[in-house]
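Just below is one structure, and these are the notes that go with it.
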Amino acid sequence: MKFDSRLRQIVPAIILLTCLSSALANNPIPTVVGPVVPQAVVPGSGAFTLKVYGANFVSGAVVNWNRSPRSTTFISARELQAQILASDVATAAAGYITVTNPPPGGGVSSAGYAIVEVHKPTKTMVVDEPRVYVLDAFYTITADIYGDGKLDLVTGEGSGTVALNRGNGDGTFQAATIIGGGYFANAGIAPGDFNNEGRLDLVFGVGPKIGEPPTYLKVLLGEGDKKFRGLPRFDYLINDFARGFVVGDFDSDGDLDFASSDDGGISGGSVFHGNGDGTFKKVGNFSKGGGDLVEADFNGDGKLDLVAEYGTGLYIFLGNGDGTFQKARRIATDKQYASCASGPTLLVNDFNSDGNADIAFCDDHAGRIGILLGNGDGGFQPPVYYSTDFGAGAAFGFTAGDFNSDGKTDLVALTTQGPNAQFAVFWGNGDGTFQEARKISLPENGGADKGIVVGDFNSDGLLDFVMVGTGVGNAVYIQK
């Protein structure tokens with residue numbers, strides 16, 4: 001009888017503690033990994049169902065079209081379906097796609113987005129004369145820093161400053177504003193809302209001296225009205241610098257984390273968990289790294305995984321959802337290490353629209369681009385290569401996107417080596433294969449030895465691009 005009496009007292013307490021524990025558990029911050037399906041529609045085509053892919057989706061998650069919520073169906077932790085209105089696609093436009101997870105925790109997918117291009121398909125690419133924003137550009141990203149629906153440009157300069165060109169939404173940008181210092185030339189930059197205040201912040205690599213190790217990491221917290229507050233630098237890389245950054249909620253606690261792949265004397269990488277206030281704690285290292293780094297849910301469990309380049313191979317680290325990753329597994333081997341002398345080496349996309357994340361990588365030693373189609377279980381099909389026709393050893397940069405708005409992902413590549421710069425497009429067939437490279441003449445080439453950045457900068461339904469070059473700056477090309 002005494003045991004029964006005590007049990008009757010203990011059981012309600014256990015139930016209460018269980019309920020409190022459940023109530024305190026935060027939803028993760030979602031990550032959108034583009035492209036969505038479809039990624040392009042014809043103006044006036046009417047309402048449709050949009051498939052959105054990523055990781056950390058939960059029941060109750062909502063898909064946003066240009067920051068406005070749409071009726072959403074939860075399919076899994078990696079897939080949502082949303083009802084897009086006929087009024088959303090009545091005229092040529094760009095639909096920026098984000099996802100919001102409900103509280104507790106949760107929030108908007110601030111570290112990534114996808115885009116639906118509302119435009120009639122085009123047969124080729126025709127661009128205006130570029131507008132050049134003069135900077136000593138070493139690394140440029142595009143993001144909606146101000147949250148006004150207009151893409152901005154953030155650039156790390158060789159002089160050690162971080163500059164911001166605010167977008168006007170019509171394809172032009174305001175003059176650069178210096179928002180930070182100490183940038184280490186060639187280090188990466190990544191955006192995310194690190195303190196959960198609804199504004200984008202930045203993380204990047206810094207150094208005590210320009211171009212010289214040791215290096216550190218630094219966070220700039222966005223405070224609105226062109227103001228950023230720098231936090232104390234952290235971590236210490238005696239011979240390396242953080243080249244590749246990916247941002248996501250790796251431990252599913254409602255605070256953004258990030259991982260960096262470190263280039264230099266000792267290859268590898270690091271994982272940092274966010275504290276929710278813009279500060280981070282280093283929680284692990286991985287040895288297979290040294291160049292670029294990408295993230296996606298490669299095995300279909302709704303958790304973020306990593307793929308890094310190392311030596312002559314590409315390696316996958318499957319995420320456990322608690323902030324840890326499984327042992328590296330090689331997914332591709334090349335005769336020489338993957339390399340792009342201009343810009344990022346790795347890209348994540350869905351080249352055959354099957355909902356599984358694929359990878360593209362460049363090999364400028366052989367003058368080609370490799371495609372790895374994902375199986376959806378963490379495995380990949382053997383790489384298929386496409387020649388740029390630039391010639392072996394010609395340094396080039398590349399990127400991906402639906403440049404002719406036909407709903408199929410294309411590749412573009414650019415080399416500035418030799419007497420004449422060459423720009424080429426590989427039109428996508430929509431099944432994971434691409435047509436042979438076609439050379440396209442640009443009205444002017446300001447040089448792009450640091451890569452190509454993509455965005456629909458005037459929201460007209462056609463992708464535009466920025467050529468990033470040292471000593472030149474950001475040359476913005478708008479399609480017409």
Side-chain angles (χ1 to χ4, degrees), residues 127-145 150-168 171-191 200 202-207 209-212 215 218 220 226 228 241-245 263 291-292 339-347 362 364 395-399 401 412-417 421-423 442-455 457 463-478:
V127 296
D128 282 326
E129 291 278 347
R131 288 178 177 265
V132 180
Y133 300 86
V134 179
L135 297 163
D136 187 17
F138 271 74
Y139 199 97
T140 295
I141 63 169
T142 183
D144 183 5
I145 298 294
K150 303 171 185 177
L151 289 177
D152 312 303
L153 300 176
V154 178
T155 300
E157 297 191 83
S159 61
T161 59
V162 178
L164 171 64
N165 291 96
R166 183 170 186 173
N168 296 316
T172 66
F173 295 83
Q174 298 177 23
T177 299
I178 303 303
I179 59 173
Y183 172 76
F184 184 87
N186 285 321
I189 304 173
L200 280 185
L202 299 167
V203 60
F204 60 97
V206 300
K209 295 182 179 180
I210 297 175
E212 294 183 17
T215 61
K218 188 177 182 65
L220 290 178
K226 297 184 180 181
F228 287 81
F241 67 92
R243 172 60 178 173
F245 282 98
D263 197 357
D292 213 357
S339 172
C340 267
S342 301
T345 300
L346 303 178
L347 294 174
C362 67
D364 55 17
F396 70 90
F398 85 122
T399 193
V412 296
L414 170 78
T415 181
T416 55
Q417 289 199 341
Q422 299 179 66
F423 185 81
L442 300 178
E444 179 185 337
N445 188 342
D449 60 334
K450 295 301 177 182
I452 309 172
V453 176
V454 177
F457 301 117
L463 282 182
D464 313 306
F465 58 91
V466 180
M467 291 186 179
V468 184
T470 54
V472 177
N474 296 319
V476 180
Y477 289 79
I478 302 298

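Because the structure is predicted, anything quoted here is derived from the model rather than measured.
- Residues E157 and A163 come closest through the heavy atom pair OE2-CB, 4.0 Å.
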Test D292 against R243 for side-chain contact (heavy atoms from CB on, under 4.5 Å), laying out the working first.
CA-CA 7 Å; D292 213 357; R243 172 60 178 173; 5.6 Å; no

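- Heavy-atom contacts from other residues, nucleotides or ligands closer than 6.0 Å to CZ of R131 number 12 or fewer.
- Between F457 and F173, the ring planes are perpendicular. Angles over 60° get that label, and only those under 30° would be called parallel.
- In plain terms, the two heavy atoms of F241 and T215 that are nearest each other are CA-OG1, 3.5 Å.
- Distance check, rounded to the nearest 0.5 Å: CG of L153 to CG of N165 gives 5.5 Å.
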Apply side-chain contact (heavy atoms from CB on, under 4.5 Å) to the pair L135 and T161, showing each step before the final yes or no.
CA-CA 10 Å; L135 297 163; T161 59; over 6 Å; no

How far apart are the C-alpha atoms of V453 and V468, what are their side-chain angles, what is the distance that settles it, and do they pass the side-chain contact (heavy atoms from CB on, under 4.5 Å) test?
CA-CA 8 Å; V453 176; V468 184; 3.9 Å; yes

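- Interatomic distance, CG of D128 versus CG of L442, reported as 12.0 Å (0.5 Å rounding).
- With K450 as the partner, the side chain to side chain donor-acceptor pair (under 3.5 Å) test is satisfied by one option alone out of T470, T140, N474, N186: N186.
- Contact between Y139 and Y183 at its shortest, heavy atoms only, is CB-OH, 3.2 Å.
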Show, in sequence, the C-alpha distance, side-chain angles and deciding distance for L463 and F465, and conclude whether the side-chain contact (heavy atoms from CB on, under 4.5 Å) test is met.
CA-CA 7 Å; L463 282 182; F465 58 91; over 6 Å; no

